[in-house]
Amino acid sequence: MTDPYTPQIIEPKWQQQWEATKLYRQIIDRNKPKHYALTMLPYPSGDLHIGHWYAMTPSDARARFMRMKGYNVLFPMGFDAFGLPAENAAIARNIHPSKWTFANIERMRQQLRSMGAMFDWEREAVSADPEYYRWTQWFFKKLMELGLAYRKLAAVDFCPRCNTTLAREQVWGEDRHCERCGTPVIKKELEQWFFKTTDYAEELLDFSQINWPERVKVMQTNWIGRSEGAEVIFLTEQGDEIPIFTTRPDTLWGATFMVLAPEHPLVEKVTTPEQKEAVEAYHAAAQKLTDIDREAADREKTGVFTGGYAINPVNGERIPIWVADYVLMGYGFGAIMAVPAHDERDFAFATRFDLPIAEVIRMPGRAESDGPLAKAYTSKSEGQLVNSGPFTGTPTEGAAARVTDWLAETGKGKKAVNYRLRDWLISRQRYWGAPIPVVYCPEHGAVAVPDDQLPILLPEDVAFMPTGESPLKQHELFQQTTCPVCGRDARRETDTMDTFMCSSWYQYRYLSPHYDQGPFDPEEGAYWLPVDQYTGGIEHATMHLIYTRFFTKAMREMGLVHFSEPMLALFNQGMVLGEDGEKMSKSRGNVVAPDNLVEKYGADTVRTYLMFFARWEQGGPWNYDGIKGPQRLIQDVWQLALADYQPGMMDAAATRNLRRKTHQTIRKVTQDLEGFAFNTAVAAIMEQRNAIQEALKQRQVMVEAWREAVDSLLLLLAPIAPHITEELWARRGGRYSIHQQPWPVWDEETAKEEAITVVVQVNGKVRDRFEMAADTGEEGIKAAALASEKVQAWFEGKSPRKVIVVKGQLVNIVV
RNA sequence: GCCGAAGUGGCGGAACAGGCAGACGCGCACGACUCAAAAUCGUGUUCCCUCGGGAGUGUGGGUUCGAUUCCCACCUUCGGCACCA
């Protein structure tokens, strides 16, 4: 009798052993191909939840698999340790954010160890550590030097609950809420720091160097929002230029008015004295509106006439200039030509304010005599141009390009490209983040702090306001400083940086978390970079995953790296939901606690279940009954690996069958782990388990085949369930460690089926099936199918008209 | 409104270069072991059926010898974007 399986004993035992022998120390080895596997780093919220397990243990299994396949694998872990929850805890419970954060990190390190992952803890990086954020600040300065960081006054998104500004990417949904807390944002006019992500808009659209999910690429492409069109310059009657962007230059002749955003710099100049009061009142009212009100598409259009006029450059017509908030200052030039006949928004506006509608694209089947348009005609391919000067009669298809060429020739405009992407706003009015390394001198303005003064440390002696206002704003000593240029009194910037800035470059810091000559040791970088396989949730598609791409491109300009993409391949896992199929949350009471599960079943069973219960990219609801399958598997593996196998009546066919199954399983599991199909990999291992159980019962296979089957079962399971396989490997006399063994290889010949089941269909319906030798030729299969009595019974006296033979599988007889 | 993903047994899910639908697992049913239960083992498990078969992968069409897989239309669910000129 074997001793029972007790994960509570063997798991901690091996975790200690692995640590003591530095089994997972990952160092440069130029004799092996490298593989940098990375999983998104957690925020130290206090407890490791099942979602962390779901993200990390399959990534770990994949990294372990690559290691056994012969790669030198780097698989690091760290903490994205700056951020609001720490500060909110400070406010609510009077604990310093630093204390709270580092205590949580300590706790989570222990919990992470219970997963049995192959993290190299000597490479751990913590973004709230001064030796980390020193380099976050250094990067800010570098971006300033490159002209990629700038400060400007702008109406920006502000979360009233978090009490801070947000980047455009961090405002979500129809109601434009804060990505963190769900509160709808408001607009505030503030001086803020931005990174010029828009400089890289075009390059960010190029995914040719990376193997990323289509979904993420589509989301980023939409987010960047490239549109092609033309830039056209309109002149006011006073002669001021108003450039506009349009995607429909072919409708220029239909521009019957212009609209400026309320914040447009020319508004004041074009407004006539009679209209001044109305325009100013409108601007003031627009500023008070929240974005939700202002940007709601179904809201009735509002606006006021400025009293001023512009000249349409293509036909010389005098057209009124209006101000309306449906034109946004942040896109294009903050001014548009309005073509009501061919744009739904302009049509709605013109109808509301009784402005002229000039039809310049004639819909097929429509005649001049049909009267005014009932709605805007917006087709870009059907119809032809009318009342359009030299272009009258041109088909709509291709007209935009022709008009653009003509605009360029005649100097009225030119081809232009516009992006929806905005620059990244990185200033945060909160304490627990990396301070922006800038001082403000009355003489020299915003000046970067010299490198030798980095890091700008967060002061420890701070009092937190219940409002969430940053204590740095009240901290006289922190703010008092001198100008690095002239030495006179200056004030320190009190805003800190967006934590997405910290996580934009963490994959580089992992290489050498204590290196003090730069953000990372170039020698480590030359070997390990870039990241080969990244895994994480889809929720970062347009935030972190855009920022880190931008960062790497900027690092290329800094000469720090020679490549342009941080992560060559990406895989998005899904989410584990509560048993009720809803997102887990404390308020719903559907949270699954991994610590309890590990206590009850052991980490190996939890890992196996997480990989088995659903397709990884899909995720799904947790099910406490479902875990029994993997639990039985783990227990059966224990029994089988320790079983005393004594063959009885030997049978060559039984031996061949087991060996075939073994090699087929190796092939299947290898291919599945390659492709992140953990669920079917586990299913294949279960099938192998079933075959071995059967062999044990029958006692007909040779000892060598038995051993091969059990050994490969352990090896295939090792990445998924690292502890039990290590224990059993050792008990069976294997060399330490199983995780350093080469991945098993299959023999195609042994894996080959000896017999095939031939399915015979008559008119597409299955009527018979029988076994044949796998090497039977097409003719032989056909003859056997036609000879079948069961099949012939369906001919109903008719003779076969056509016989289709699919080799090794099926015969379809048409009568 | 626009863009994208997905609809398969009681449940989670397999199988798509067009070829046996339902691998693997959960659950359930019956049986064995047990005083009994749990655990374990065995058998069965898409539905209907007159035991010959018939129907079946969201719905309706189409292509094909053959469709879960390809094409068209629609329905439902879930994501993303949305006054972006």
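Naming: A, B, ... by sequence-line order, numbering from 1 per chain.
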Evaluate the side-chain proximity of L166(A) to R180(A): yes if any heavy-atom separation is below 4.5 Å, no if none is.
no
With a 4.5 Å cut-off on side-chain heavy atoms, are L570(A) and L545(A) touching?
yes
Selection: residues 672-684 of chain A, any non-hydrogen atom under 4.0 Å of RNA chain B
N679(A), T680(A), A683(A)
Between P313(A) and V232(A), is there a side-chain heavy-atom distance shorter than 4.5 Å?
yes
Between the protein and nucleotides 41-50 of chain B, list the N/O to N/O atom pairs that are separated by less than 3.5 angstrom.
residue, atom, partner, partner atom, Å
G42(B), OP1, K697(A), NZ, 2.9

Do the rings of W616(A) and F676(A) sit parallel, tilted or perpendicular, given the 30° and 60° boundaries?
parallel
Nearest-Å distance once atom C1' is located in both C78(B) and G22(B)
24 Å
Does any donor atom in the side chain of E753(A) or Q664(A) lie under 3.5 Å from an acceptor atom in the other side chain?
yes
Compute the ring centroids of F613(A) and Y54(A), then answer whether they are less than 6.0 Å apart.
yes
Nearest-nucleotide check on RNA chain B, V814(A) vs G173(A); residue mapping nearer the 5' end is V814(A)
Distance check, P atoms only: C75(B) and G27(B), in whole angstrom units.
40 Å
Mate of C2(B) across any strand shown (Watson-Crick or G-U wobble, both atom pairs under 3.5 Å) is G80(B)
State, with a plain yes or no, whether a side-chain heavy atom of I720(A) is found less than 4.5 Å away from one of I685(A).
yes
Tell me the interatomic distance from Q220(A), atom CD, to C81(B), atom P, rounded to whole angstroms.
13 Å
Phosphate OP1/OP2 of A82(B) contacted by R420(A) side-chain N/O (<4.0 Å)
yes
Would you indicate which nucleotide in C65(B), G54(B), A85(B) comes nearest to any side-chain atom of N812(A)?
C65(B)
Is there a Watson-Crick or G-U wobble partner for U64(B) with both distances under 3.5 Å, and if so, which one is it?
none
Using the P atom as the reference point in each nucleotide, state the distance between U45(B) and G1(B) in Å, no decimals.
47 Å
For K765(A), answer base if it contacts any base atom (sugar-phosphate contacts may also be present), sugar-phosphate if it contacts only those atoms, and nothing otherwise; contact means non-hydrogen atoms under 4.0 Å.
sugar-phosphate
Distances for protein N or O near nucleotides 2-7 of chain B N or O, under 3.5 Å:
none

For G18(B), does the O4'-C1'-N9-C4 or O4'-C1'-N1-C2 angle fall within 90° of 0, making it syn, or is it anti?
anti
Under 4.0 Å, heavy atoms only, any strand: does G303(A) hit a base, just the sugar-phosphate, or nothing?
nothing
By nearest nucleotide on RNA chain B, pick out whichever of S227(A) and F613(A) is the more 5' one.
F613(A)
Complementary nucleotide of C47(B), counting Watson-Crick and G-U pairs under 3.5 Å:
G54(B)
May I ask you to decide whether K668(A) forms a salt bridge with E687(A), counting only side-chain N to carboxylate O separations under 4.0 Å?
no
Base of G25(B) relative to its sugar, syn (within 90° of 0) or anti?
anti
Can you tell if the side chain of F770(A) reaches within under 4.5 Å of the side chain of V760(A), non-hydrogen atoms only?
yes
Does G66(B) have its OP1 or OP2 closer than 4.0 Å to a side-chain nitrogen or oxygen of R767(A)?
no
Does the ring centre of F349(A) sit less than 6.0 Å away from the ring centre of F257(A)?
yes
Short side-chain N/O contact to G27(B) OP1/OP2 from K628(A), under 4.0 Å:
yes
Taking the six-membered ring where the residue is Trp, are the ring centres of W424(A) and F500(A) under 6.0 Å apart?
no
Between G13(B) and C24(B), how many Å separate the two C1' atoms, rounded to a whole number?
9 Å
H342(A) NE2 to C83(B) C1', in whole Å, measures 19 Å
Between C1' of A14(B) and CD1 of I685(A), the distance in whole Å
16 Å
Name the closest nucleotide to the L810(A) side chain, picking from G27(B), G19(B), A85(B).
G19(B)
By nearest atom, which of the nucleotides C24(B), G13(B), G19(B) is closest to the Q761(A) side chain?
G19(B)
Closest of G25(B), G19(B), C83(B) to the F612(A) side chain is G25(B)
Between Y331(A) and S227(A): side-chain donor-acceptor atoms closer than 3.5 Å
yes
Measuring from the side chain of T247(A) (C-beta onward, heavy atoms only), which nucleotide among A21(B), A85(B), C24(B) has the closest atom?
A85(B)
Rounded to the nearest Å, what distance is computed from the CZ atom of residue F353(A) to the P atom of nucleotide C83(B)?
18 Å
From C-beta outward on I336(A), which listed nucleotide comes closest to its side chain: C65(B), A85(B), C24(B)?
A85(B)
Are any of the side-chain heavy atoms of H177(A) and V185(A) separated by less than 4.5 Å?
no
Should N690(A) be listed as having a side-chain N or O under 4.0 Å from OP1 or OP2 of G25(B)?
yes
Given A23(B), C83(B), G80(B), which nucleotide is nearest the side-chain atoms of E687(A)?
A23(B)
How close or far is atom C1' of C24(B) from atom CG of N623(A), stated in whole angstroms?
15 Å
Can you tell me, in whole Å, how much space there is between the P of C30(B) and that of A37(B)?
12 Å
Given the C1' atoms of G25(B) and A6(B), what is the spacing between them in whole Å?
22 Å
Check: Y645(A) side chain, L640(A) main-chain N or O, donor-acceptor pair, under 3.5 Å:
no
